[in-house]
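To start, the structure under review is shown below, and the notes come after it.
Only a predicted model underlies this, so the values are computations on that prediction, with no experimental measurement involved. For this chain, numbers begin at 1 and follow the sequence in order.
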Amino acid sequence: MTTQHQPVDTGGGTALLTEPSTQHPRPGGTAVAGRSPARMAWRRIRRDKVTMTALVVTVLFVVIALLAPVLTAVTGWGPITPDNKAIDPDTGNFPYGSLGGISAQHLLGVEPGTGYDLFARIVYGLRTSLYVGFASAVLSTVVGVVAGLAAGYFGGWVDSLLSRVMDVMLAFPQLLFIIALTPVIQNALQTNSHGGTDENLRLLVLVLNIAVFAWAYTARLVRGQVLSLREREFVDAARLMSAGRRHILFRQLLPNLWAPILISFALAVPQNITTEAALSYLGVGVIPPNPDWGALLSDASQFFLQDPMYLFVPGVLLLVLVLALNLLGDGVRDALDPRARRG
């Protein structure tokens, strides 16, 4: 007797039940094993070379960001530790040598004028970009899921009110309002002993501002899914069994929404990283000398003719990171919804 996983329709999805079976195994002695949706999605991802490459690149960036203190300790230069010997005062404080001062001491060269090690500033700037991108995506996803669940399940005036709020948030020019609001909020908050806004507080304000204007996309997606699921038999069965609203929302409906929620989150991260870089480039995000890729690109644009490597290195890395995250998001979407697979 073998154990077989049989699919059973629960109304909200297909569950796999394990039960004894009298069927004979395949010729050769291997039994037929069922696969969960997550395992099937992972199998599709592993077969997609583009998605797997994007996943490897993304994991590599995350590991580099986590190991930033270790990497800079090995090189011996911190993100705001100047090396005055690496810049030539006779040429306007540009780096000695070619390619922006790349050497055994400075793997990616140094910044013109300041002498900061570019490798250290890039790896610490990567930490900032990933923190803001992932934190704002998590926050906007949580708020969007709760709002979408409430709007889709309760309907009536709750749905009308939340839907109008979603419409208003989607109509806002996000970048312009964040540019206008971020400095106002930061200046109104408590400052540190040096008279400037604490950097952790600036990052928190960035995360909140980005999330405030991003949650409506997830909420609209979840609301549409809930409107369809709330009429299914498994929801009616839960009501007949006197299940409470919380149980229906978070134990019946939410488990059937994980695929669109995960897709929305995966696509929101690169968008938020790009938004953070744009804000820092415009001077309303992370302020130098604190390391950030957007701020690096802003400074590097002033020295492009004299030191093109200063602009080239962070620009290419930002492109690779955002491209990898976008390709990974597309791959996750295709794996979870094969009907939407790219042609």
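- Between L107 and I102, the closest side-chain pair of non-hydrogen atoms is not below 4.5 Å.
- Taking the six-membered ring where the residue is Trp, Y310 and F303 present tilted rings, their angle falling between 30° and 60°.
- Evaluation of the side-chain hydrogen bond (donor to acceptor under 3.5 Å, both in side chains) test over residues 149-159, restricted to residues two or more places apart or in two chains, returns D159-S163, D159-R223.
- Considering T53, L325, L130 as possible partners of T58, the one that fulfils the side-chain contact (heavy atoms from CB on, under 4.5 Å) test is L325.
- Of the possible donor and acceptor atoms, none in the side chain of S228 sits under 3.5 Å from a partner among the backbone N and O of G224.
- Cluster membership check: I210 does not share its hydrophobic cluster with V146, using side-chain heavy-atom separations under 4.5 Å among Ile, Leu, Val, Met, Phe, Trp and Tyr.
- Clustering of Ile, Leu, Val, Met, Phe, Trp and Tyr side chains at separations under 4.5 Å leaves V74 isolated, with no partner residue.
- T75 places a side-chain N or O within 3.5 Å of a backbone atom of T72 that can act as its donor or acceptor partner.
- Note that the CE atom of M166 and the CG atom of L221 stand 10.5 Å from one another [nearest 0.5 Å].
- For the atom pair CG (L55) and CZ (R46), the distance works out to 12.0 Å, reported to the nearest 0.5 Å.
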- request: Could you give me the CA-CA distance, side-chain angles and deciding distance for Y217 and S140, then say whether side chain to side chain contact (heavy atoms under 4.5 Å, CB included) is met?
  value: CA-CA 9 Å; Y217 296 96; S140 63; over 6 Å; no

With a cut-off of 3.5 Å and sequence neighbours excluded, list every side-chain donor-acceptor pair involving residues 259-273.
unit_1 : atom_1 : unit_2 : atom_2 : d
S264   : OG     : T218   : OG1    : 2.9
N272   : ND2    : S136   : OG     : 3.0
N272   : ND2    : A268   : O      : 3.4

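- Clustering of Ile, Leu, Val, Met, Phe, Trp and Tyr by side-chain heavy atoms under 4.5 Å joins L176 with none of the others.
- The minimum heavy-atom distance linking Q105 with W77 is given by the pair O-CD1, 3.6 Å.
- Taken to the nearest 0.5 Å, the CG atom of L206 stands 8.5 Å off from the CG atom of D292.
- Using a 4.5 Å cut-off between side-chain heavy atoms of Ile, Leu, Val, Met, Phe, Trp and Tyr, with links allowed through other members, L227 and V145 fall into different hydrophobic clusters.
- When side chains are defined from C-beta on, R164 does not count as touching V168, because their heavy atoms never get closer than 4.5 Å.
- Taking all atoms of both residues into account, the shortest heavy-atom contact from G152 to V226 is C-CG1, 3.5 Å.
- Looking at L318, V313, I64, D117 one by one, the single match for side-chain contact (heavy atoms from CB on, under 4.5 Å) with I122 turns out to be V313.
- A distance of 8.5 Å separates OG1 of T81 from OH of Y116, quoted to the nearest 0.5 Å.
- A distance of 14.0 Å separates CZ in R43 from CG in D48, rounded to the nearest 0.5 Å.
- Between L296 and L118, the closest side-chain pair of non-hydrogen atoms falls below 4.5 Å.
- G285 approaches R202 most closely through the heavy-atom pair O-NH2, 2.9 Å.
- Nearest heavy atoms, I178 versus N209: CD1-O, 3.9 Å.
- Here the shortest heavy-atom pairing between S298 and Y281 reads OG-O, 3.2 Å.
- Shown here is I80, whose CD1 atom has no more than 12 heavy atoms of other residues, nucleotides or ligands within 6.0 Å.
- Between L297 and L311, the closest side-chain pair of non-hydrogen atoms falls below 4.5 Å.
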task: Given side chain to side chain contact (heavy atoms under 4.5 Å, CB included), test L108 with M309 step by step and report yes or no.
output: CA-CA 8 Å; L108 297 178; M309 290 298 295; over 6 Å; no

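- Side-chain atoms of L249 and L254, non-hydrogen and from C-beta on, never get closer than 4.5 Å to each other.
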task: Take L321 and W293, measure what side chain to side chain contact (heavy atoms under 4.5 Å, CB included) needs, and give me the verdict at the end.
output: CA-CA 11 Å; L321 174 61; W293 285 9; 4.0 Å; yes

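- Not a single ring-ring contact (aromatic ring centres under 6.0 Å, His included) links F119 to another residue, sequence neighbours left out.
- Taking the side chain as every heavy atom from C-beta outward, V212 and M169 approach each other to under 4.5 Å.
- Between V207 and Y131, some side-chain heavy-atom pair lies under the 4.5 Å cut-off.
- Annotation: side chain of L203 is in contact with side chain of V286 (closest heavy-atom distance under 4.5 Å).
- When the side chains of ILVMFWY residues are joined at heavy-atom separations under 4.5 Å, either directly or via intervening members, V59 and L67 end up in a single hydrophobic cluster.
- Counting all heavy atoms, side chain and backbone alike, I45 lies closest to A335 at CG1-CB, 3.5 Å.
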message: What verdict does the side chain to side chain contact (heavy atoms under 4.5 Å, CB included) test give for L229 and L257, after you've listed the backbone C-alpha separation in whole Å, the side-chain angles of each residue and the deciding distance to 0.1 Å?
response: CA-CA 9 Å; L229 289 175; L257 298 170; 3.7 Å; yes

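- In terms of hydrophobic clustering, with Ile, Leu, Val, Met, Phe, Trp and Tyr side chains grouped at heavy-atom distances under 4.5 Å, F177 and L139 are assigned to a common cluster.
- To the nearest 0.5 Å, the span separating CG on L282 from CG on L175 amounts to 6.5 Å.
- No single ILVMFWY cluster, assembled from side-chain heavy atoms under 4.5 Å apart, contains both L328 and V56.
- Not counting sequence neighbours, R127 has no partner by the salt bridge (charged side-chain N to carboxylate O under 4.0 Å, His left out) test.
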